[in-house]
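Input: a single structure, listed below in structure tokens.
All heavy atoms count here, side chains included; hydrogens, waters and symmetry mates do not. Note that the structure is predicted; figures quoted are calculated from it, not measured. In the text below, chain A, chain B and the rest are named by the order of the sequence lines, each starting its count at 1.
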Amino acid sequence: GENVEQHPSTLSVQEGDSAVIKCTYSDSASNYFPWYKQELGKRPQLIIDIRSNVGEKKDQRIAVTLNKTAKHFSLHITETQPEDSAVYFCAAGGSYIPTFGRGTSLIVHP
Amino acid sequence: NAGVMQNPRHLVRRRGQEARLRCSPMKGHSHVYWYRQLPEEGLKFMVYLQKENIIDESGMPKERFSAEFPKEGPSILRIQQVVRGDSAAYFCASSPADRGRNEKLFFGSGTQLSVL
């Protein structure tokens, strides 16, 4: 089955800095890579996703890049704000069941 | 659209009791997933269902756990004879996807199960 590794487990940045979270996956058949944000005590919510026919996707301050050859993908958040503080999960899906990484706790200090 | 509805939000059970967690998918969604989340850990897949069918239950323990998604009514995750290790947040998600194609998942607010 699919195995997703996510790093770092904790990321602390100053407001205005950029944050990068990296994930690797094992199954070369995976073709869908979503990212979810979970605020404390709340549900995970999709913030951006990318499919394997695209190398990069951007939505305002967030972007995701995908390297299929190396089997890794990354989330980039620019100009971080305190409200970006949350746990971020990457996932990889090849059939119909996304496999999630263990999450990255992002802390943005004002 | 009310989104994915889960209830109860919090459930307290004593060891040996049964826990029933309910999930109503978003309107128009016929696919339901159950995930378990422990502190400091990710979302662990448990089971994937369509109406009246269990498609994949490879992540669900073979004993004490069962799931259903009847033709009418919500999906139910049932845990019999709960133990302290069952304490976790259980999230349900739904998607409109046809089997074989990944689509985004919409999560409910979760049920926090505490076993005393």
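- A continuous path of ILVMFWY side-chain contacts below 4.5 Å connects B/Trp34 to B/Leu11, so both sit in one hydrophobic cluster.
- Scanning both residues, B/Phe91 and A/Pro44, for their nearest heavy atoms gives CE2-CD, 3.7 Å.
- In this structure, A/Lys58 places its NZ atom where only 12 or fewer heavy-atom neighbours from other residues, nucleotides or ligands lie under 6.0 Å away.
- Put simply, A/Ile50 and A/Ile21 are part of the same group of oily side chains (I, L, V, M, F, W, Y) that touch within less than 4.5 Å, one to the next.
- For A/Gln38, the part sitting under 4.5 Å from any heavy atom of chain B is the side chain, from C-beta outward, and nothing else.
- Residues B/Met46 and A/Val4 do not share a hydrophobic cluster, clusters being chains of Ile/Leu/Val/Met/Phe/Trp/Tyr side chains in contact below 4.5 Å.
- When ring centroids are compared, A/Phe100 and B/Tyr35 come within the 6.0 Å threshold.
- No continuous path of ILVMFWY side-chain contacts below 4.5 Å connects B/Leu77 to B/Val4, so the two sit in separate hydrophobic clusters.
- Between the CZ atom in B/Phe106 and the CG atom in A/Leu46 there is a gap of 7.5 Å [rounded to 0.5 Å].
- Judged by distance alone, the side chain of A/Tyr36 and the main-chain N or O of B/Leu105 form a donor-acceptor pair under 3.5 Å.
- With rounding to the nearest 0.5 angstrom, the NZ atom of B/Lys104 is 12.0 Å from the CD1 atom of A/Ile47.
- A 6.0 Å sphere centred on CD of A/Glu15 holds more than 12 heavy atoms belonging to other residues, nucleotides or ligands.
- Using a 4.5 Å cut-off on side-chain heavy atoms (C-beta onward), A/Phe89 and B/Gln37 make contact.
- Of the inter-residue distances, the one linking A/Ile97 atom CD1 with B/Phe45 atom CZ reads 3.5 Å to the nearest 0.5 angstrom.
- One hydrophobic cluster, built from ILVMFWY side chains closer than 4.5 Å, cannot hold both B/Met60 and B/Ile76; they sit in different ones.
- Considering all non-hydrogen atoms of both residues, A/Pro98 and B/Tyr33 come closest at CD-CE2, 4.4 Å.
- Of all non-hydrogen atoms in B/Gly108 and A/Arg43, the two that sit nearest each other are O-CB, 3.0 Å.
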